[in-house]
Amino acid sequence: MLVELESACKVYRKGPERVRALWEVDAAFGEGEFVALMGPSGSGKTTLLNIIGCLDNLTAGRYLLEGQDVTRLNPIRLAEVRNRRIGFVFQGFHLLPRATAAENVQLPLVYAGATRRRRRESAHAALERVGLADRRDFRPEELSGGQRQRVAIARALVNEPSLILADEPTGSLDPQAAGEVMELFARLNDDGIAIVLVTHQEEVARLARRKIHLADGRVVPEPAGPASPPQDRETVR
């Protein structure tokens with residue numbers, strides 16, 4: 001199993017108060033899965049994504065990544081695991097404004113200590129994979145929103161991770177660009193990369209193979225409503 005969460009709890013302190021962001025969450029994601037995390041604002045979706053991505057620590061419970069108990073790792077080892085095994089895509093792109101697309105994509109390899117040649121070759125290959133080989137020398141201000149998000153996806157791919165985590169990746173895009181980004185995620189998933197994606201949009205979640213709904217920090221049954229089977233991948237290509 002790629003990801004296993006056992007009785008996962010996350011509690012934040014706000015002054016004298018304790019806020020339960022996650023409570024007794026049990027969840028598992030297999031290799032090559034495409035899972036959508038859904039729920040209202042404040043339900044714990046992003047907190048759960050941050051835990052899976054080793055950006056935050058559990059207050060209680062256990063988290064296994066590829067069989068390794070990462071809750072026991074020190075911050076340095078945790079950063080190494082995060083950089084080597086997980087790619088991240090955010091709603092706001094998080095690109096360096098003065099760096100080119102290729103330079104932005106290289107950043108995880110810089111932190112990993114890769115050689116300059118490997119950084120350049122891997123960045124160019126990742127940009128080609130997302131359809132932006134001809135934009136590698138462009139800066140973010142010279143790219144559309146959809147292109148910027150594809151640069152961010154290339155950056156997530158550059159270390160060849162087994163898992164990509166995406167937090168509302170289409171939230172700031174127009175419908176056409178959002179569709180193109182989701183088609184790209186579908187293709188990457190077909191290539192065997194596991195994807196866990198936070199979204200509140202049902203049309204985005206339909207591309208996932210499985211949905212997990214959260215409310216008040218807990219996993220809950222899918223809300224009742226009209227049946228919405230996963231969308232056929234071939235219809236979005």
Side-chain angles (χ1 to χ4, degrees), residues 1-6 8 10 22 25-39 44-58 61-73 75-91 93-94 104-109 111-112 114 122-123 125-126 129-130 149-171 181-199 204-205 207-212 214 219 230 233:
M1 192 61 64
L2 182 61
V3 167
E4 296 176 85
L5 291 160
E6 302 172 356
K10 181 63 183 181
L22 292 176
V25 170
D26 293 310
F29 311 102
E31 294 182 7
E33 272 208 274
F34 192 162
V35 180
L37 302 180
M38 304 190 71
K45 304 185 302 295
T46 296
T47 299
L48 180 56
L49 201 74
N50 288 342
I51 293 294
I52 295 171
C54 301
L55 296 172
D56 205 348
N57 298 312
L58 289 173
R62 198 161 73 130
Y63 170 30
L64 302 178
L65 177 62
E66 296 180 325
Q68 182 177 17
D69 188 350
V70 298
T71 55
R72 299 178 180 274
L73 298 181
I76 294 175
R77 285 286 296 117
L78 201 60
E80 291 174 353
V81 168
R82 184 169 58 238
N83 192 51
R84 187 173 69 253
R85 300 184 187 175
I86 303 172
F88 298 89
V89 181
F90 303 97
Q91 179 176 344
F93 317 135
H94 292 191
N104 270 287
V105 172
Q106 289 180 40
L107 284 175
L109 296 173
Y111 300 142
S122 296
R129 196 171 181 183
V130 302
Q149 192 60 294
R150 281 192 279 157
V151 171
I153 294 171
R155 181 182 57 197
L157 288 170
V158 76
N159 260 342
E160 301 182 2
S162 53
L163 173 64
I164 288 180
L165 305 178
D167 193 359
E168 297 281 5
T170 63
V181 164
M182 290 309 301
E183 288 176 19
L184 176 55
F185 277 127
R187 290 198 298 271
L188 295 175
N189 180 241
D190 287 343
D191 289 341
I193 299 174
I195 295 171
V196 179
L197 177 147
V198 165
T199 183
V204 170
L207 280 178
R209 299 301 193 191
R210 183 159 62 99
K211 303 173 191 174
I212 293 178
L214 291 101
V219 175
R233 292 284 177 83

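Just so we're clear, the structure is a prediction, and the values are computed from it rather than from any experiment.
Minimum interatomic distance between L207 and F34 (heavy atoms only, all atoms of both residues): O-CD1, 3.8 Å. Taking each heavy atom of A154 and A126 in turn, the nearest pair found is O-CB, 3.6 Å. Q106 and A123 make their closest contact through CG-CB, 3.5 Å (heavy atoms, listed as atom of the first residue, atom of the second, distance). Nearest approach of G39 to K45, heavy atoms of both residues: O-NZ, 2.9 Å. Heavy-atom minimum distance, N189 versus G32: ND2-O, 2.9 Å. The shortest non-hydrogen separation linking F90 to Q149 is O-NE2, 3.0 Å.
Within the structure, every pair that satisfies the side chain to side chain donor-acceptor pair (under 3.5 Å) test and touches residues 151-170, not counting sequence neighbours, is listed here: T46-D167, E66-S162, E168-H200, T170-Q201.
Under the 4.5 Å side-chain criterion, counting only non-hydrogen atoms from C-beta, K10 is not in contact with N50. Between D191 and R129, the closest side-chain pair of non-hydrogen atoms falls below 4.5 Å.
Note: Y63 OH to D56 CG = 12.0 Å, rounded to the nearest 0.5 Å. The line from CG of L22 to OG1 of T47 is 5.5 Å long, rounded to the nearest 0.5 Å. To the nearest 0.5 Å, the span separating CG on N57 from CD1 on I51 amounts to 6.5 Å. Taking CD1 of I193 as the start and CG of L163 as the end, the distance is 9.5 Å to the nearest 0.5 Å. Atom CG of L165 and atom CZ of F29 lie 9.0 Å apart (nearest 0.5 Å).
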Just list the side-chain donor-acceptor pairs under 3.5 Å for residues 75-84, sequence neighbours left out, or say none.
from	atom 1	to	atom 2	distance (Å)
R77	NH1	E80	OE1	2.8
R82	NH1	C54	O	2.5
N83	ND2	P108	O	3.1

Please report the C-alpha distance between L5 and L48 in whole Å, then the side-chain angles of each, then the deciding distance to 0.1 Å, and finally whether the side chain to side chain contact (heavy atoms under 4.5 Å, CB included) criterion is met.
CA-CA 10 Å; L5 291 160; L48 180 56; 3.4 Å; yes
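L184 meets the side-chain contact (heavy atoms from CB on, under 4.5 Å) test with V130, R150, I153, R187, L188; sequence neighbours excluded. Not counting sequence neighbours, the partners of A166 by the side-chain contact (heavy atoms from CB on, under 4.5 Å) test are V89, P169, F185, L197. Qualifying side chain to side chain donor-acceptor pair (under 3.5 Å) partners for D26, counting only residues two or more places apart in sequence or in other chains: none. For A114, the side-chain contact (heavy atoms from CB on, under 4.5 Å) partners are L109, R118, R119, not counting sequence neighbours. Partners of F88 under the ring pair (Phe, Tyr, Trp, His ring centres under 6.0 Å) rule, at least two apart in sequence or in another chain, do not exist in this structure. Every residue two or more places apart in sequence or in another chain was checked for a side chain to side chain donor-acceptor pair (under 3.5 Å) with E31, and none qualifies.
Residue V3 is tested with I52, L64, I86 for a side chain to side chain contact (heavy atoms under 4.5 Å, CB included); the sole match is I52.
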